[in-house]
Every structure is written in C-alpha cells, then in structure tokens.
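Below, each value reflects all heavy atoms present in this structure, side chains not excepted, and no hydrogens, waters or symmetry copies. Values in this document were obtained by computation on a predicted structure and should not be read as measured data. Atoms within a ligand are numbered from 1 in the order they appear, just like the ligands themselves.
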Amino acid sequence: MKKIIYADNAATTKLDKNAFEAMKTYLLDEYGNPSQPYSFSRKPKKTLQTARQIIAKCINAEPGEIYFTSGGTESDNWAIKGVNFIFPEKKVTITSQIEHHAILNACKDIEKLGYPVVYLSVEKSGKVNVEEFEEFITDSTGLVSIMMANNEIGTIQDICRLSKIAHKHGALFHTDAVQAIGHIHIDVKELGVDLLSASAHKFGGPKGIGFLYIKSGINISPLISGGSQEFSLRAGTENVAAIVGMAEALNQAVICREKIEFQLRKMEKIFLQILKDNNIDFIQNGDLYESLPGLINISIRNANGEMILHRLDLMGYIISTGSACDGNEDKVSHVIEAIRVDNNYKEGTIRISFGKYNDVSDAEELALAIVKILKQY
Ligand code: PLP
C-alpha cells in the first residue's frame, strides 16, 4: 500500500489500539443485551457502568450525568431540541454563526416550529463577539449554545465567561465540545456548562458513538423514544463495544494529552516556518494563541483549496479544505465567510489537522509538498 500521511484528524481519527483491544470481547464473546436479567448480560451491564464512570471522571462529572448517543450530531440536536421542547413558552436560543451544521441545522429546525434563534457574529479570530452577546441576551433567552473549539479554524472560546453571562440571565448553557474533548483540558464544573456534546471518533474512539453531558437537575425532553435505556431519556439497545472503545480512547487521550500537545505544537511551528521560508503568501486563520493543538487553517493568496487538496491526495497526503461535513459542497465555508477572510485569499483555504500518529517529518514533508504544488501554479 502506498504510504499515506493523514493530516485530517479534525475530520476523524484512527482508532486507538487500546480502544480496539478493549472492544473486541464485546463484539465476539460478551454480546449479551445489557438490559436482560440473566447472568450472560451481567458483564455488559457492569461494563456500561464502568464506561460511564471513566468518561465522567475525564470531565469531572458524575456517572449519572453521562448519556450515550450515536455521536456529536445527535448530542447537538438533543441539546438544542430537548431543552427548547421543555419550555412551556417559546424562549430564545442564542448561538454563533460559526457552529457546526449539527447545531446550525438543529436551530433551523426549531425556528420552523416558531422558536426564535439569534446567531452571534464572531471577531476575525473566530472568538464570539461578547459585547453583541451581552446586547442580545435577555431574561427570555432559554438556551445559549456556543462551541468550545471550532472544527475549521480551531479557535477556542472562553466558555467560562460566556456561561457566566448566560446564567446571570437564567439561561442554560450548552457547548459543542466535539473537537475539544481529549485535546484540551475539560472540567464541566470549571466551565460552568449545563450540557456538553462529545463524539468518540474525534479522539481515537470508534465512529457512531458519543455522549451528551447533562448536568444533574436539568430538565430535557427525550429525542428518541422507546425503551428505558439511558435513564429513560435516550432509548435503544446500547452499543456496548463502541461505548467501551469510547471510554478507553478518552481515558488514553486525557492521560497523554499534554505530551501529545507538545508534539503537535512543534509540528505546527515547523509546518508554518517552511511555508514562510518559501515565501508562500498566506494568512493563518483562527486565534493564534487560543487554538486547538495541531490544527492549522491557512488561506493562500490566489490559490484554490480544492485543487491543492486533490493534488496532495494524488501524492499521498490527506488534508481538508474546510469542515469534513461540507466536503461535497464546493463553496467557501460559512466559518471562513464569518471571519471575513480577504477575497483574494478565501478560495485558497486549507485545513491541516495533525494527530498523535503524525510526527515532525510528516509536517516537513507535507509543507514541502504544498510549496511544490504552489510553485508549479
Ligand atoms: N460538532 C463539531 C464541532 C464537529 O466537528 C462535528 C464533526 O465534524 C460534529 C459536531 C458532528 O459529530 P459526529 O460526526 O460525531 O456526528
């Protein structure tokens, strides 16, 4: 097989080996339905409890506050719809223009049902405009949903500050932490969040599994009705193997986080320096100080991001032009528009997201490959 350098870890990550090992038993041997009363289901049932405890500990929550879902999209939809549907009167939801489509389209859904939504603008760094937030928030705001870290440009928001403002007005605070969890420190108590979305495949877990943290005492309506799984709030037989894989992957990610971050920051520096040394005319998007480790978003003057992506693909390098979920649309992403990237640069936007399986030589090789493509332009 041709050597591939995978640098699209914000789209998805390779399954962690320990997570894979932990999952195997629950696929082949311990496949009992955890809801059944017989002894064959005892181990899967106990395993679910343990996974809930491990995950809770990783974010300083209680096990009873972790609700397993099918991933980030479901967790986001549940937070937006589940909270709004509980209000007897239609309260206002405040979110930002740079959220993932899982949030933006869930908000569009509730708008169609008559729930008002405000979409806050962001600064050029991708940080939410706090003055605008304070202007729009009132006592009729029911929910505020602001992502912890952006999937395209990596900007990390000041969730502590934003959640305090929300609570001052009696609103609940949700954060989409899909890109953040496992990569930056998360403590739900320090952050002051009421709900938090996560997805396993962004931190070395399997695809199709995630969770929603719901702070104890928060009232939320179920998104999926049926049996009594997940404390009667999210029905459906649990994907035990995937849950085990998610818990193991998150635990590994949290244990190794600082060491991996150190490596990723080194790769970022080397990658950018090579572009600069070769006089590539580009701007770096996102907040230069508070940004996800290993995620680099650049816009290259008079270039075409799609063309760079495909040329790199032929050479064995995997990167992205924007959000993976936008991959079928050949247009400048809503995030790049929201941060007002200059017209001469925005078409030339690419996202590189290194992960724990990359090393410094990957960063060097990839940067040189981009230089080569641009010099042939
Ligand atoms: N939220 C963010 C910020 C994301 O980056 C993604 C995936 O790219 C999602 C939500 C959706 O997560 P999932 O792929 O688990 O549905």
Side-chain angles (χ1 to χ4, degrees), residues 6-15 19 55 66-82 95-109 119 122 126-128 145-157 159 174-184 186 191 193 195-213 223-224 234 236 239 242-243 245-246 249-250 253 285-287 291-297 318-329 333-336 338-339 351-353 355:
Y6 182 78
D8 198 19
N9 288 275
T12 197
T13 57
K14 179 174 168 173
L15 186 63
I55 291 170
I66 305 298
Y67 296 75
F68 299 128
T69 67
S70 66
T73 301
E74 184 187 325
S75 298
D76 283 348
N77 269 266
W78 190 12
I80 298 291
K81 294 170 188 175
T95 188
S96 84
Q97 291 172 3
I98 62 162
E99 298 295 311
H100 188 272
H101 282 116
I103 290 290
L104 293 177
N105 287 338
C107 286
K108 293 271 174 301
D109 288 347
Y119 300 88
V122 292
K127 293 266 191 188
V128 161
S145 179
I146 304 291
M147 71 200 318
M148 190 160 181
N150 185 269
N151 47 303
E152 291 189 42
I153 55 173
T155 300
I156 298 168
Q157 304 290 344
I159 297 297
H174 165 253
T175 189
D176 173 345
V178 167
Q179 291 289 340
I181 189 162
H183 304 286
I184 58 175
I186 291 192
L191 291 171
V193 296
L195 303 110
L196 176 145
S197 300
S199 175
H201 74 103
K202 308 288 187 180
F203 54 76
K207 295 171 183 56
I209 192 75
F211 67 89
L212 181 65
Y213 156 78
L223 187 67
I224 298 176
R234 199 280 185 180
N239 188 346
I243 291 167
M246 169 164 67
L250 185 57
N285 299 315
D287 193 281
S291 188
L292 284 175
L295 195 153
I296 306 163
N297 187 301
I318 311 297
I319 63 143
S320 172
T321 52
S323 164
C325 314
D326 283 345
N328 294 329
E329 289 177 34
S333 85
H334 65 291
V335 177
I336 297 303
I339 59 169
R351 177 188 72 183
I352 291 97
S353 46

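- Distances shorter than 4.0 angstrom occur between a heavy atom of H201 and an atom of ligand 1.
- By the 3.5 Å distance cut-off applied to N or O atoms, G72 is counted among the residues near ligand 1.
- Residue contacts with ligand 1 for E99 are absent, since no atom lies close enough (heavy atoms, distance under 4.0 Å).
- Of all atoms in ligand 1, numbered sequentially from 1 with element shown, those under 4.0 Å from a heavy atom of D176 are 1 (N), 2 (C), 3 (C), 10 (C).
- Counting heavy atoms under 4.0 Å from ligand 1, residue T73 touches it through both backbone and side chain.
- Only the side chain of D76 comes within 4.0 Å of ligand 1, judged by heavy-atom distances.
- Listed by atom number, the atoms of ligand 1 under 4.0 Å from S199 heavy atoms are 13 (P), 15 (O).
- Under the 3.5 Å distance criterion, the side-chain polar atoms of K127 are left unmatched by any main-chain donor or acceptor of G286.
- In terms of modelled atom types and a separation under 3.5 Å, the side chain of T175 and the main chain of I146 share a donor-acceptor contact.
- With ligand atoms numbered from 1 in the order given, ligand 1 contributes 6 (C), 7 (C), 8 (O) to contacts under 4.0 Å with heavy atoms of K202.
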Go through E152 and S333 one step at a time and tell me if the side-chain hydrogen bond (donor to acceptor under 3.5 Å, both in side chains) criterion holds. CA-CA 9 Å; E152 291 189 42; S333 85; 2.6 Å; yes
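- With a 4.0 Å cut-off on non-hydrogen atoms, K207 does not touch ligand 1 at all.
- A pairwise comparison of heavy atoms in R351 and I319 identifies O-CB, 3.6 Å as the closest pair.
- Listed here is the closest heavy atom pair of L212 and T69: N-CG2, 4.0 Å.
- Looking at D287, N297, L295 one by one, the single match for side-chain contact (heavy atoms from CB on, under 4.5 Å) with I153 turns out to be N297.
- Near G71, meaning under 4.0 Å from any of its heavy atoms, are these atoms of ligand 1: 15 (O).
- Below 4.0 Å from some heavy atom of M147 lie the following atoms of ligand 1, by number and element: 3 (C).
- Across all non-hydrogen atoms, the minimal contact from A10 to N151 is CB-O, 4.1 Å.
- Counting heavy atoms from C-beta on, the side chains of Y119 and L104 come closer than 4.5 Å.
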